[in-house]
Each structure stands twice: as C-alpha cells, then as structure tokens.
Amino acid sequence: MTLDEWAVRDLPAWPQYDDAERTALLRALEQGQWWRVAGNEVDAFEEEFAAYHGAARAIAVTNGTHALELGLELLGVGPGSQVIVPAFTFISTSLAVQRRGAVAVPVDVDPETYCMDPTAAAAGVTSRTRAIMPVHMAGQVADMDALDKLAADSGAAIIQDAAHAHGATWRSRRIGELGSIAAFSFQNGKLMTAGEGGALLLSHEDEYHQAFLRHSCGRPPTDTRYLHRTTGSNYRMNEFSAAVLRAQLGRLDGQIDLREARAALLTELLAEIPGVRPQRRDDRCDRNPHYMLMFRLPGVSEERRNEIVRRLVAHGVPAFVAFRAIYRTESFWLKGAPDTTAEELAERCPNSEAINADTIWLHHRTMLGTEHQMRQIARAVAATLREV
Ligand SMILES: Cc1ncc(COP(=O)(O)O)c(C=O)c1O
C-alpha cells in the first residue's frame with residue numbers, strides 16, 4: 001500500500017469565516033473605540049452568548065485559562081483550598097487552580113467517556129475541598145447528575161470547564177441552565193473562535209458585577225476616577241474579538257447539527273475496526289458539539305500510538321495524541337500539587353494513565369466533511385493500524 005492510496009483530501013479548513021466576520025471586523029474598527037469600556041461589541045456578545053446557553057449573564061475575557069481563574073476567584077478559591085480536577089485534561093484545568101494558590105487534586109476519569117468519575121471525585125473530597133471542576137471532554141458533558149449531588153452533599157461548588165462544550169446539553173438543559181459557573185475558550189482550534197478569547201456563564205447579576213470588577217483591575221464599568229473597588233487583573237476582551245465571536249456564534253448551530261450526523265457515522269465506522277474503541281456517548285448528553293472525535297487503542301503502547309498518529313497525519317487525517325495526564329507534566333508539580341507522587345497518582349488513576357498513552361483525537365473540522373470523507377478516514381485508520 002502506498003500512502004496516497006489512503007489519502008484523505010480537501011477536508012474543510014478551520015477557522016471558518018465569510019462576510020459575517022468581515023462585516024463584524026469593520027463594524028468594530030469603525031466604532032473608533034477598540035476596548036470594551038467604550039464600545040458595544042463585547043456587551044452585545046456577552047448578552048448573545050448568555051442567551052444562547054440559557055444563562056443569566058456571561059462575561060467575556062482574554063482566554064479560557066483566565067476564565068477558569070476568574071471563576072475560581074469568584075468562588076473564593078485561594079490558598080488553603082483544594083479543587084478536584086480530572087487527571088486527564090488539558091493543563092489549564094489544574095493550572096488555573098494552582099495560579100489561585102490552591103491545591104489541584106486529580107481524580108480518575110471514566111474509561112469510556114473520559115470525563116470525571118463521580119465515585120473517584122467523592123473519594124477525593126476533604127474538609128478543604130472548595131470546588132469540583134468537571135471537564136466536558138471533547139463535548140461529552142460530564143455526569144452532572146452525580147457531580148451536582150456530590151457538590152450538594154459536600155458543600156463544594158461546581159465550576160464546569162466547558163472549553164470543549166459550546167452548545168452542549170445535558171438532559172435537555174443547556175450549559176447555562178445547569179446552575180453552576182461554566183468557563184469557555186475561544187482559542188483558534190475551538191468550536192467558535194477569535195484566535196484567542198474566553199467567557200464565563202454566570203447565574204446571578206451580582207456575580208456579573210463581581211466578575212466585571214475583577215476582570216477590569218477592580219474598576220466599575222463607568223469609572224473615570226480610578227476607583228479600584230477590589231483586587232483583580234486585566235482580563236478584558238477587546239472589541240474585534242467580540243465582533244468576530246458574534247459572527248461565529250451565528251454559525252454554531254448549523255455546524256453542530258452537521259458534526260452530530262458525521263460523528264455518528266464516523267464513530268460507527270471506527271468501532272468496526274478491530275482494536276479501536278471510540279469515546280462512548282452518555283445519552284443524557286443529548287446534544288454533543290463534538291469538539292474532538294476521540295478513540296482508544298487499548299493495549300497499544302504510547303510509542304506505537306505516536307507512530308500511528310504520525311502516519312495518519314501523513315494520510316491527511318487531522319489526528320493528534322491525547323492530552324498527557326496532568327500529573328505526568330513538570331508544570332503540575334511546581335506549585336499547588338497534592339502531597340503525593342506521580343507514581344501514586346498513576347496507581348489511583350488507572351484510566352487516565354491508560355488514556356494518556358493509547359488515545360488519539362481528530363479535530364472537529366474533520367466532522368464538517370462529507371460522508372465520503374468519513375469513510376475515507378475510517379479506511380485510513382484501518383490501513384494505518386495494519387501498517388504500524
Ligand atoms: C479542557 C480545557 N480547559 C481549558 C482550556 C484553556 O483555554 P485557553 O487555551 O483559551 O486558555 C483548554 C484549551 O485548550 C482546554 O482544552
């Protein structure tokens with residue numbers, strides 16, 4: 001077999017844009033004021049993003065990592081607090097906790113959905129647990145029924161890391177209707193993007209007021225007298241980003257519908273390949289925006305998985321290795337790590353340890369392709385597994 005025989009060609013590019021983004025950028029430009037304090041775009045985007053997700057309010061910020069930090073700050077997470085995080089996630093989940101001066105406590109994930117395992121989370125709760133931070137991995141909403149119950153029983157707050165979950169629903173409830181703070185990312189690869197950006201969904205007007213102060217160096221919205229009412233930083237989104245995101249939000253529903261259809265087909269095709277186990281859908285997640293299509297190759301070594309990804313990329317498939325388990329990074333141990341070792345955490349988190357080594361993900365632009373391209377991708381995966 002030559003590489004070309006299995007080549008996947010002409011998948012849609014990402015990010016996508018058209019005259020909606022062009023018009024939006026010009027509109028922001030011609031306002032003559034390019035920061036949120038004097039413009040309209042960030043205010044309008046916050047209203048539209050909150051309404052879309054069924055939340056009372058949204059606050060737009062510089063990126064998803066800052067959204068998590070701001071959300072934790074609103075919950076009072078700081079030195080002395082612990083926050084439960086999944087061991088398998090992108091590093092910002094734990095980094096945000098550690099940047100607040102708190103301790104990130106990794107717990108294992110479910111081996112099929114790759115989301116926080118509620119039983120493992122319960123085992124990680126102590127008298128110092130201030131918050132639990134589930135990640136909606138690849139668009140699959142974490143088990144919010146069990147985690148909300150755990151939060152209610154333990155007195156901890158929930159903060160959803162929804163960086164992958166724009167437009168997702170859980171038992172017909174949108175992310176903003178789940179009753180907890182949720183943090184989003186608009187980084188270049190995300191489901192809607194302005195290159196960088198982030199947002200928090202909030203349930204109360206007072207939370208928005210507090211968030212506004214803290215994301216703007218402690219200043220009230222109309223302050224001209226340097227009245228710094230509280231501590232904070234500058235996490236303000238600029239007007240250009242918000243204008244682009246308003247256009248991107250307008251395209252999201254159509255893209256989710258298409259990805260739902262293509263993900264169903266591609267998942268079915270991949271599941272037929274011996275040795276491939278796609279991420280399982282928990283049916284209570286009745287709308288999954290499919291930020292990634294993930295699949296495991298159980299029993300395959302990390303080296304072989306990495307070689308398979310390299311060959312898939314050569315076949316034209318936008319494939320990537322899974323996130324490294326957070327306790328397998330140097331960053332995790334520098335500040336705010338629990339009093340344990342990577343080896344102990346690996347033993348406590350066997351699913352995260354395995355997923356970290358045997359999992360591959362495909363970028364969501366894949367699922368904006370045609371049915372024919374889904375078949376080509378499945379054939380490329382099958383051929384690559386035979387080759388490597
Ligand atoms: C699960 C998760 N949380 C948080 C983030 C952080 O978002 P950002 O890159 O916008 O800071 C990401 C981003 O890639 C992510 O995947």
Side-chain angles (χ1 to χ4, degrees), residues 14-15 45 49 58-73 77 83-100 104 106-107 109-110 113-116 131-142 144 147 158-168 175 180-201 215 233-238 241-242 244-245 248 279 285 288-294 318 320-329 331-332 352 355-356 359-365:
W14 191 265
F45 173 62
F49 195 70
I59 185 140
V61 296
T62 31
N63 57 60
T65 310
H66 285 164
L68 289 170
E69 288 184 35
L70 182 61
L72 290 165
E73 188 175 350
V77 169
V83 178
I84 309 255
V85 298
F88 175 69
T89 181
F90 182 68
I91 197 69
S92 291
T93 313
S94 53
L95 201 61
V97 173
Q98 295 168 321
R99 299 269 303 166
R100 291 291 312 144
V107 300
V109 297
D110 181 278
T113 65
Y114 319 158
C115 291
M116 183 183 278
I132 301 168
M133 196 194 284
V135 176
H136 303 321
M137 182 54 65
Q140 163 62 57
V141 179
M144 294 305 289
L147 292 168
I158 295 272
I159 169 168
Q160 306 172 60
D161 182 338
H164 305 172
H166 316 66
I175 295 293
S180 40
I181 290 179
F184 292 81
S185 164
F186 307 122
Q187 167 270 338
N188 196 68
K190 294 298 185 298
L191 292 163
M192 43 185 285
T193 183
E196 299 282 2
L200 278 183
L201 297 180
H215 99 309
S233 188
N234 179 359
Y235 293 159
R236 291 186 304 262
M237 179 180 279
N238 69 75
S241 298
V244 168
L245 288 168
Q248 296 268 306
Q279 182 183 24
C285 174
N288 181 336
H290 298 288
Y291 170 57
M292 310 188 257
L293 192 144
M294 304 185 87
F320 299 84
V321 301
F323 302 126
R324 192 176 294 284
I326 54 175
Y327 56 78
R328 292 273 176 219
T329 68
S331 159
F332 180 75
S352 302
I355 292 167
N356 146 94
T359 301
I360 293 176
W361 64 274
L362 308 182
H363 187 265
H364 60 84
R365 73 185 176 88

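As the structure lists them, so they are numbered: ligands from 1, and atoms in each ligand from 1. Each residue takes its place number in the sequence, starting with 1.
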[atom]: the protein heavy-atom neighbour that sits closest, reported with distance to 0.1 Å:
atom	answer
atom 12 (C) of ligand 1	Phe90 CD2, 3.4 Å
atom 16 (O) of ligand 1	His164 NE2, 2.7 Å
atom 11 (O) of ligand 1	Thr65 OG1, 2.5 Å

Does the separation of the ring centres of [X] and [Y] fall below 6.0 angstrom?
X	Y	answer
Tyr114	Phe323	no
Phe88	Tyr327	no
His215	Tyr235	no
His166	Tyr291	no

For ligand 1, the portion of Lys190 having any non-hydrogen atom under 4.0 Å away: side chain
Derivation of the side chain to side chain donor-acceptor pair (under 3.5 Å) call for Thr93 and Asp161: CA-CA 7 Å; Thr93 313; Asp161 182 338; 3.0 Å; yes
Any nitrogen or oxygen of [X], side chain or backbone, less than 3.5 Å from one on ligand 1?
X	value
Val135	no
Glu196	no
Asp161	yes
Gln187	no

Between Thr113 and Gln140: side-chain donor-acceptor atoms closer than 3.5 Å: no
